[in-house]
Amino acid sequence: RRFAADFPQIPYQLLGCTEWSVSAAGFGTYRIHPDVDQHRQALAYALQNGINLIDTSSNYADGKAEELTGQVLQKLAEQGTVDRSSVIVVTKGGYIQGQNLTITKDRAVAGNSFPEVVELRENLQHCIHPDFLDDQIERSMQRLNLQTIDVYLLHNPEYYLKYAKEVDIPQREAIEEYYRRIEKAFSFLESEVDRGRIQYYGVSSNAFPRSDTEFEHTSLWRLLEIANSIKRKNHFAVIQMPLNLMETQAVTEVNQNNGRTTLQIADENRIGTLINRPLNAVRQGKLIRLTDITGSISANQEETESYLNVLIRQENHFEKNLLPTFNLDSENEQLIKELLSTGSYLAMHWQKLGPYEQWLTSQSKILVERIDRAMQILTKHPMLNNEQKQWIQYYTETFNNALDGLTALYKRMAVRQNNQLKKMIQSIEKDWDNARGLTHKALRAIRSTSGIHCTLVGMRHEDYVKDILQELKQTVPYTDRLQSWSKLKNVLKNYADDRL
C-alpha cells in the first residue's frame, strides 16, 4: 500500500483476501530471458514506475524467466529503488519440460520416480504431486533468490483431464481423480505456508471459464470446498485464467453449481483474480492478436496467386528436368522433393495458414526454413551450371515475392478484423471505446471490470511498458460490466470468421 501511494495516477486493487495492493497491470514473463538486456531493462522500468506484480513460472524459458526476475529484484533492492516488500511475486509449477524433464527421467532411472506423472507427448509431462511440488518450490526459490514466494499456483492442472480423455478414462472417474490430486496438492501447499516457503497458493487454469459440461472444466466452487475442508482459515487465495475481447467466458459463462460465473464466485469469496492472454485471443484454434497493426499495406491477391502458380511450375520443372542433374544420393533426393513442394502446398492451403500473427510467428518462419534447407543442399553441388544457378535464383526470388504477398494479404485481413472489433466495442461500451487503440481498448475492458484485480501483459520492451502505463493512467470507472461483456458475447455469435 505504501508503494501504491507513491503512484497516485495508477489504479490499484486489493488482491482478494491477501489485501495486498496490486497494480491493474502485472508484468508477464512468458517470453523474457536474462540474455536479453531489453527484457531486464523493461522489468526494472516497470517496477520503478508503479507495476508491482510479476507473474512467472518454472517452465517459462526453462526457468530463465525466474532467474531474470530474481536478478532484477536483487539489483533494485541493492540500489534502494524498489523494496522487496513492494512487489508481489507469483510463480507456478506443474509442467515437466526441458531441465525438469531431464531431472524427472534421471530420477526414474535411479528408481526414485515422482509419483502421479502424466505424459502428454514425448517432451511434455505434468505433475502436481507433493513430492514434485516440493522439488519445484525449492528450485523456484533458488532461481528467484527469494526466501518466500508470495503466491504459488498449480499450473494448468487440467492437463490430467486432457490425459484422461486421451486414454479413455471415463469422465466421472477422471473428474474425481482430478480433484483428489488437487486436494493432495492443496494440503501440501498449506503445509508450505506453515513452513514459510510460500504465503498464499492457488490455481492457474485455462479451464476455469469453460462450460461445466466439458471434460477439462475446472470448478472454482469445488476448489473452494476442497480448501475449506483442509483448513477453515486456509490460504487458497488466487486464481489465474484467460479473458479477452473474443473469449468472454470468465465473465459470461455460467458454469458453477449455484448459477454463477467463475468471476462471480471469485469475487463473492474474496479470491484474487489474475487475467492472462488479454491480447492473445484463441478462436477456433487460431491465435488472434488484439493489438494495433501499423505500417503500410500493399496487398494484391491476384499477383500473389500468380507467384504461387509460378512456384508450382518451377517445382514441376525442377523435379522432371533438373533434379537428376544434381546427382544427389537417394536420401537427399527424397528430402529435396519434399522441401520443394512448398509452392504447391502454399497454393492449396494459404488461406488456412493465418491469421496474421500466427502467420508471422510460425508459418512463414517454417516455410523459409524449408526453402533455406533445400537451397543449402543444392548449392553444395561442386559444379553448378548456368541453368541450375538461374533456376535457384529465380525460384528463390519468386518464393520471397509470394511470401511477401501473403504477408500483406494476412495483414490486410487483420486490419479489417481489428476495425470490425473496434466498431463492435463502439456499439457496446463507451468507457472501452474511449481508449485510443485496440490494445488499450482490450486492456481497458478487463481492468474496468470489478472482481478483476490484475491483468498480466507481456511487456518485453521499455516502450511497451510506457504504453501500458499510459493507458493505466486514464481514469475509468471500476464497476460491474457483466451487461457489456454479455452483449459482446452475443454480438460475436453473429459474425462469421471471414468478417472477424
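As a basis for the values below, the full set of heavy atoms in this structure was taken, side chains included, without hydrogen atoms, waters or symmetry mates.
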Handout entry: Residues in salt bridge (charged side-chain N to carboxylate O under 4.0 Å, His left out) contact with Lys487, at least two apart in sequence or another chain
Key =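 Not a single residue meets the salt bridge (charged side-chain N to carboxylate O under 4.0 Å, His left out) criterion with Lys487.
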
Practice task
Applying salt bridge (charged side-chain N to carboxylate O under 4.0 Å, His left out), name anything that partners Glu176, two or more places apart in sequence or on another chain.
Solution key: Arg222

Check: [X]/[Y] side-chain N/O donor and acceptor closer than 3.5 Å:
X      : Y      : value
Tyr178 : Thr218 : yes
Asn244 : Glu247 : yes
Trp485 : Thr449 : yes
Thr104 : Gln125 : no
Ser23  : Asn52  : yes
Glu214 : Asn255 : no

Handout entry: Test: Lys75 and Glu78 ion pair at under 4.0 Å
Key =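 Not counted as a salt bridge, because no side-chain N and carboxylate O are separated by less than 4.0 Å.
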
Handout entry: Residue that, paired with Arg197, satisfies side chain to side chain contact (heavy atoms under 4.5 Å, CB included) out of Ile149, Thr148, Asp134
Key =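 With Arg197 as partner, Ile149, Thr148, Asp134 yield a single side chain to side chain contact (heavy atoms under 4.5 Å, CB included), made by Asp134.
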
Fill in the blank from the handout: Given the options Val151, Leu456, Val89, Thr455, Leu53 meets side chain to side chain contact (heavy atoms under 4.5 Å, CB included) only with Leu456

Practice task
Please state whether the rings of Trp20 and Tyr200 are parallel, tilted or perpendicular, taking 30° and 60° as the class boundaries.
Solution key: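 Trp20 vs Tyr200 ring planes: perpendicular.
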
Exercise for the section: Verify the ring-centre separation between Tyr95 and Tyr159: is it less than 6.0 angstrom? Expected result: yes

Problem - Pair Asn234-Tyr201, side chain to side chain contact (heavy atoms under 4.5 Å, CB included): steps then yes or no - result: CA-CA 9 Å; Asn234 60 75; Tyr201 62 90; 4.1 Å; yes

Handout entry: Tyr356 six-ring centre to Arg289 NZ/CZ under 6.0 Å and within 45° of normal
Key = no

